[in-house]
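Naming convention: chains lettered A, B, ... in sequence-line order (proteins, then strands); numbering from 1 in each chain. Every value quoted in this text rests on a predicted model; they were computed, and no experiment measured them. Below, all heavy atoms of this structure are taken into account, side chains as well, without hydrogens, waters or symmetry copies.
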Number of protein chains: 2
Amino acid sequence: MLKSSPLYRQVKGLITQSLEKGEWKPGEALPSEFELASRFKVSQGTVRRAIEEIAAENLVIRQQGKGTFVATHDVAHAQFRFLRLVPEEGSPRYPENRFLECKRLRATGKIARQLNLRSGDAVLRIRRILSFDGVPTVFDDICLPANLFKGLTLEHLLAYQGTMYALLETEYGVSMLRAEEKIRAVAADSEAAAVLNVPLGTPLLSVERLAMTFGDQPVEVRQGLYITTHFSYKNELG
Amino acid sequence: MLKSSPLYRQVKGLITQSLEKGEWKPGEALPSEFELASRFKVSQGTVRRAIEEIAAENLVIRQQGKGTFVATHDVAHAQFRFLRLVPEEGSPRYPENRFLECKRLRATGKIARQLNLRSGDAVLRIRRILSFDGVPTVFDDICLPANLFKGLTLEHLLAYQGTMYALLETEYGVSMLRAEEKIRAVAADSEAAAVLNVPLGTPLLSVERLAMTFGDQPVEVRQGLYITTHFSYKNELG
DNA sequence: AAGTGGTCTAGACCACTTT
DNA sequence: AAGTGGTCTAGACCACTTC
């Protein structure tokens, strides 16, 4: 027997579909709870419950008296959502972003598997350095499926003001909603040592990320190498 | 002007206080929603909302048809809540626990500050190794305020069946509810190299944890050194 | 004043577990 | 059958924002 899901979860699905289709763009307001309630022929409380779950997943933001808005990657708040680096001393600051490379390549077996592609499909490989107060701290190696980001070049990346995820969202309509990270300690190889300006063999934090958009579809693989002498990766265990 | 918090949050506070006082022990059932509602002179829906928030913080577990139960550290589920190590290949397994040391010491300034103690107050220092399939993988150095765990010895630790947090909860009534971790990459020093059986200088994951009980009172500081060649620290970014 | 999300209630009914 | 938590509704009122 199939167990039908509760009404508020079905409504949640309908609203999420509309978000995915782009019925309301990032930053825009959703219809009010009463409007959605009459649209779906349910009570306001049921819509409310649906939206609460969607808000808990950070897809929308609720503001009392104003409305419910589609989340964006622009806001300051979103910075520490996907970059968990905090300084050992002093207050958090924003990194400077230096893009080194954006090349079109063929996916290796492992990458293809992670991105749900076929081996040999085209991917974009982006490499960049994040620096804090002028000190190189993170070396990122990013892989994106090329078909979703046609025409993305190094020049685009260099010209854009804001985070890379904001660019991918506003220019290509792909929203990063969730990610899984696997963290390990590794020794700096010659390339990482050169790029990050540390001795060969320096212990570095390796952060492998798989990022997902709607429907948990994977759309980004990245490895970050972090220097953790003055910064650490902060995590909360609930 | 003081803004009074909503009713359900006040009820949440009252229930949490009762949990802290031990009115219901770990594993026991709370009174039903209707009983609590009449006790606090509010509607069932308000109690419900309060309990939902408490459940979201993992202090209690709700089970349809059965009741609401005080959470414990015994269940398998709790294992991966506070130990985020997963194997690169194969399915998760349980580590074997080997305690090396449990000594009474005076707190250094840094530890004292983190535990809200005075410098020089007594602390317990526990050291142990976690092994997976017989392979030493984690070297933990744990500090607890001695006054909360009077009489805790190496023999107790060796004799107890179950996780250390389960012991602290059932034998000393101190529940670990939440923790913050700071993760860095470090080189194995001579001691860590010897204990974990790796070459000097091997990159290790350093995981510094501060664990809290009720009222966000810190009650444990630990540093773990993880070998991450076959395991990685897994994290979800929402 | 009007519109939004946030709180609170009361009551009905459903789904699951236990007796 | 009785008791628990889970869903859904309808309506009232509050808090905040905008006009």
Side-chain angles (χ1 to χ4, degrees), chain A residues 1-16 18-19 23-72 75 77, chain B residues 1-16 18-19 23-72 75 77:
Chain A
M1 281 292 291
L2 262 82
K3 199 186 62 173
S4 79
S5 58
L7 194 50
Y8 75 85
R9 212 172 280 277
Q10 300 175 37
V11 170
K12 177 186 173 187
L14 292 171
I15 297 175
T16 304
S18 289
L19 285 168
E23 181 171 340
W24 317 290
K25 301 292 178 196
E28 286 181 11
L30 270 63
S32 76
E33 295 177 351
F34 284 103
E35 284 179 75
L36 290 170
S38 77
R39 167 163 160 187
F40 297 127
K41 305 271 187 286
V42 298
S43 76
Q44 182 227 12
T46 301
V47 169
R48 181 173 198 74
R49 179 105 192 245
I51 296 181
E52 270 167 1
E53 282 203 358
I54 297 172
E57 293 168 6
N58 297 304
L59 271 68
V60 300
I61 293 177
R62 318 201 75 185
Q63 289 183 255
Q64 178 170 153
K66 296 182 71 173
T68 301
F69 302 86
V70 184
T72 72
V75 284
H77 154 264
Chain B
M1 280 295 290
L2 263 83
K3 200 185 61 173
S4 79
S5 59
L7 194 51
Y8 74 87
R9 212 171 280 276
Q10 300 174 38
V11 171
K12 177 187 174 187
L14 292 171
I15 297 175
T16 305
S18 289
L19 286 167
E23 183 171 338
W24 316 292
K25 302 291 178 198
E28 287 181 10
L30 270 63
S32 75
E33 295 177 352
F34 283 104
E35 284 180 75
L36 289 170
S38 76
R39 167 165 160 184
F40 298 127
K41 307 272 188 284
V42 299
S43 76
Q44 183 226 11
T46 301
V47 169
R48 181 174 197 73
R49 179 103 192 246
I51 296 181
E52 270 169 0
E53 282 205 356
I54 296 172
E57 293 167 6
N58 297 305
L59 271 68
V60 299
I61 293 176
R62 318 201 75 185
Q63 288 183 254
Q64 180 171 155
K66 297 183 71 175
T68 301
F69 302 86
V70 184
T72 72
V75 282
H77 153 264

Output all residues satisfying side-chain contact (heavy atoms from CB on, under 4.5 Å) with [X], sequence neighbours left out; order by chain, then residue number.
| X | answer |
| --- | --- |
| A:Glu53 | A:Tyr8, A:Arg9, A:Lys12 |
| B:Gln10 | B:Ser5, B:Leu7 |
| B:Lys25 | B:Glu28 |
| A:Ser43 | A:Thr46 |

[X] [atom1] - [N] [atom2] separation (whole Å):
| X | N | atom1 | atom2 | result |
| --- | --- | --- | --- | --- |
| B:Arg48 | C:dA10 | CZ | P | 16 Å |
| A:Gln63 | D:dT17 | CD | P | 9 Å |
| A:Ile15 | C:dG5 | CD1 | P | 11 Å |
| B:Leu7 | D:dC13 | CG | P | 17 Å |

*Which stems does DNA chain D form, counting runs of 3 or more consecutive Watson-Crick or G-U wobble pairs with both distances under 3.5 Å?*
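Correct response: C:1-18 with D:1-18.
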
*With a 4.0 Å heavy-atom cut-off, tell me which residues in residues 53-62 of chain A come close to DNA chain C, sorted by residue number.*
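Output list: A:Arg62.
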
*Using heavy atoms and a sub-4.0 Å distance, could you list which residues of residues 27-46 of chain B are near DNA chain C? By number, please.*
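Output list: B:Val42, B:Ser43, B:Thr46.
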
*salt bridge (charged side-chain N to carboxylate O under 4.0 Å, His left out) partners of residues 42-51 of chain A, not counting sequence neighbours, each pair once*: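 Every salt bridge (charged side-chain N to carboxylate O under 4.0 Å, His left out) pair that includes a residue of residues 42-51 of chain A, provided the two are not neighbours, is A:Glu33-A:Arg48, A:Arg48-A:Glu52.
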
*Identify which nucleotide among C:dT7, C:dA15, D:dC8 has an atom closest to any side-chain atom of B:Gln64, counting heavy atoms from C-beta outward.*
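Taking heavy atoms from C-beta onward, the closest nucleotide is C:dA15.
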
_Please give me the minimum heavy-atom distance between B:Arg39 and B:Ser18, naming the atom from each residue._
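So the minimum-distance heavy-atom pair works out to NH2-OG, 3.4 Å.
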
*Under 4.5 Å between any side-chain heavy atoms of A:Val60 and A:Ile15, yes or no?*
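They are not in side-chain contact.
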
*Indicate yes or no: at least one non-hydrogen side-chain atom of B:Ile51 is less than 4.5 angstrom from one of B:Leu36.*
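Of all side-chain heavy-atom pairs linking B:Leu36 with B:Ile51, at least one is under 4.5 Å.
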
*Output yes when at least one side-chain N/O atom of A:Lys66 is less than 4.0 Å from OP1 or OP2 of D:dT18, else no.*
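So the side chain of A:Lys66 is within the cut-off, an N or O lying under 4.0 Å from OP1 or OP2 of D:dT18.
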
*When rounded to the nearest 0.5 angstrom, what distance separates CD in B:Glu57 from OG1 in B:Thr16?*
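That separation rounds to 7.0 Å.
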
_Any base atoms under 4.0 Å from A:Arg49, or only sugar-phosphate, or nothing? Heavy atoms, all strands._
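If one applies the 4.0 Å heavy-atom cut-off, A:Arg49 turns out to touch the sugar-phosphate alone, with no base involved.
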
_Using the side chain to side chain donor-acceptor pair (under 3.5 Å) criterion, which residues pair with B:Thr68? Sequence neighbours excluded._
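B:Thr68 satisfies side chain to side chain donor-acceptor pair (under 3.5 Å) with B:Arg62 once adjacent residues are dropped.
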
_So, using salt bridge (Lys or Arg N to Asp or Glu O under 4.0 Å) as the criterion, who are the partners of A:Glu35 when residues are at least two apart?_
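Applying salt bridge (Lys or Arg N to Asp or Glu O under 4.0 Å) to A:Glu35 gives none.
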
